[in-house]
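Here's the structure we're looking at; comments come further down.
Numbering starts at 1 and runs along the sequence shown. Only this structure's heavy atoms are used, side chains among them; waters, hydrogens and symmetry mates stay out.
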Amino acid sequence: MTTTSGRFEKGQSGNPSGKAPGTRNRTTIAMQELLEGEADALTRKAIELALDGDTVALRMCMERIIPVRKDRHVIFDLPKIESAADIPKATASLLEAVASGTITPAESADIGRAVDAHLKALETHELTERLNRLDGATD
C-alpha cells in the first residue's frame with residue numbers, strides 16, 4: 001500500500017513477490033556478453049603471465065588448479081557421546097585440544113556446533129521414546 005505521498009508504507013514492498021528466480025543483474029549479463037568468445041584467449045594470457053612470473057596471475061591459476069581449502073581434517077580424541085551426561089567430557093576434550101594447539105578455536109567452535117546438533121538429536125530421540133512409552137501405557 002502507498003501513503004498519500006506516493007511512497008510505500010514502512011515494511012511494505014513495492015514488489016511483494018520479489019525478483020523472479022534466476023533473474024540476473026544487467027551488468028552481469030553485459031559483462032558476460034563482452035567476454036563471450038574470449039575465454040580461451042584470456043585463459044591463455046593469464047597462463048602466459050603466470051609463467052612469466054606475474055604473481056597475481058600465478059596465484060589465480062593455482063587457485064583454479066588447487067582451490068584454497070576452507071578447512072582441514074582435524075584429528076583429536078573426542079569421547080563418545082551417548083547421552084547429555086557425556087557432553088562435559090566432550091567439551092573438556094575440545095578445550096584441551098584448543099589449549100594444546102591441536103585445533104584452532106574456530107575448529108573447536110565448528111565441532112562444538114556438531115556436538116550440540118548431536119545432543120539435540122539424542123534429546124529428541126529420548127523424548128520420542130518417552131512419548132511412545134506413555135502412549136503404550138495409556139492404551
Side-chain angles (χ1 to χ4, degrees):
M1 287 221 177
T2 58
T3 62
T4 56
S5 67
R7 298 181 59 103
F8 286 95
E9 292 179 19
K10 189 172 182 172
Q12 281 299 136
S13 170
N15 183 7
S17 59
K19 254 186 187 180
T23 302
R24 295 183 304 161
N25 181 304
R26 275 185 265 160
T27 304
T28 302
I29 294 170
M31 290 300 295
Q32 286 176 335
E33 288 174 0
L34 283 172
L35 293 173
E36 194 170 304
E38 301 297 332
D40 290 340
L42 290 169
T43 302
R44 174 58 34 213
K45 183 65 176 179
I47 292 169
E48 288 170 9
L49 289 169
L51 292 172
D52 287 340
D54 184 322
T55 57
V56 174
L58 180 59
R59 184 178 332 118
M60 185 180 70
C61 289
M62 290 305 296
E63 287 173 354
R64 297 309 179 271
I65 296 168
I66 306 168
V68 177
R69 285 180 64 167
K70 301 289 185 214
D71 54 12
R72 67 183 178 105
H73 182 75
V74 293
I75 299 172
F76 74 102
D77 291 327
L78 183 67
K80 192 167 186 173
I81 303 170
E82 295 178 339
S83 71
D86 297 327
I87 295 298
K89 292 177 203 160
T91 55
S93 178
L94 281 172
L95 289 173
E96 187 177 314
V98 170
S100 70
T102 304
I103 63 174
T104 66
E107 291 166 339
S108 174
D110 288 344
I111 295 166
R113 282 191 290 278
V115 167
D116 188 46
H118 183 63
L119 175 61
K120 287 179 184 176
L122 288 171
E123 290 171 340
T124 301
H125 178 70
E126 184 180 303
L127 183 61
T128 301
E129 284 184 342
R130 284 183 186 174
L131 288 172
N132 287 339
R133 283 194 301 268
L134 286 172
D135 281 348
T138 58
D139 286 341

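- Although no hydrogens or angles enter the test, the distance criterion places no donor-acceptor pair under 3.5 Å between the side chain of Ser93 and the main chain of Lys89.
- Under the 4.5 Å side-chain contact rule for hydrophobic residues, Ile47 and Ile65 do not share a cluster.
- For Leu127, the CG atom sits in a packed shell: over 12 heavy atoms of surrounding residues, nucleotides or ligands are nearer than 6.0 Å.
- Between the CD atom of Gln32 and the CG atom of Leu34 there is a distance of 10.5 Å, given to the nearest 0.5 Å.
- Counting non-hydrogen atoms of neighbouring residues, nucleotides and ligands closer than 6.0 angstrom, the CD atom of Glu36 reaches no more than 12 such neighbours.
- Under the 4.5 Å side-chain heavy-atom criterion for grouping Ile, Leu, Val, Met, Phe, Trp and Tyr, Leu78 is connected to Val74 within one hydrophobic cluster.
- Residue Glu96 places its CD atom among 12 or fewer non-hydrogen atoms of other residues, nucleotides or ligands, all under 6.0 Å distant.
- The nearest pair of heavy atoms linking Asp54 to Ala57 is OD1-N, 3.1 Å.
- In terms of hydrophobic clustering, with Ile, Leu, Val, Met, Phe, Trp and Tyr side chains grouped at heavy-atom distances under 4.5 Å, Leu119 and Ile81 are assigned to a common cluster.
- Under the 4.5 Å side-chain criterion, counting only non-hydrogen atoms from C-beta, Leu94 is in contact with Ile103.
- Under 4.0 Å is where a charged nitrogen must lie from a carboxylate oxygen, and between Arg113 and Asp110 at least one such pair does.
- By the 4.5 Å heavy-atom criterion applied to side chains, Leu122 and Glu126 are not counted as neighbours.
- Atom OG1 of residue Thr55 and atom CE of residue Met60 lie 11.5 Å apart, to the nearest 0.5 angstrom.
- For the atom pair Glu129 CD and Thr124 OG1, the distance stands at 11.5 Å (nearest 0.5 Å).
- Going from atom CG of Asp40 over to atom NZ of Lys45 covers 15.5 Å, rounded to the nearest 0.5 Å.
- Linking ILVMFWY residues whenever their side-chain heavy atoms come closer than 4.5 Å, directly or via other members, leaves Val56 and Leu51 in distinct clusters.
- Once rounded to the nearest 0.5 Å, the distance linking CD1 of Ile111 with NE2 of His118 reads 14.0 Å.
- Residues Ile87 and Val115 form a side-chain contact, since some pair of their non-hydrogen atoms from C-beta on lies under 4.5 Å apart.
- Salt bridge Asp116/Lys120: present, at least one basic N to carboxylate O contact under 4.0 Å.
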Worksheet item: Could you walk me through whether Glu33 and Ile29 pass the side-chain contact (heavy atoms from CB on, under 4.5 Å) check?
Response: CA-CA 6 Å; Glu33 288 174 0; Ile29 294 170; 3.6 Å; yes

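- Counting non-hydrogen atoms of other residues, nucleotides and ligands closer than 6.0 Å to CG of Asp77 gives a total of 12 or fewer.
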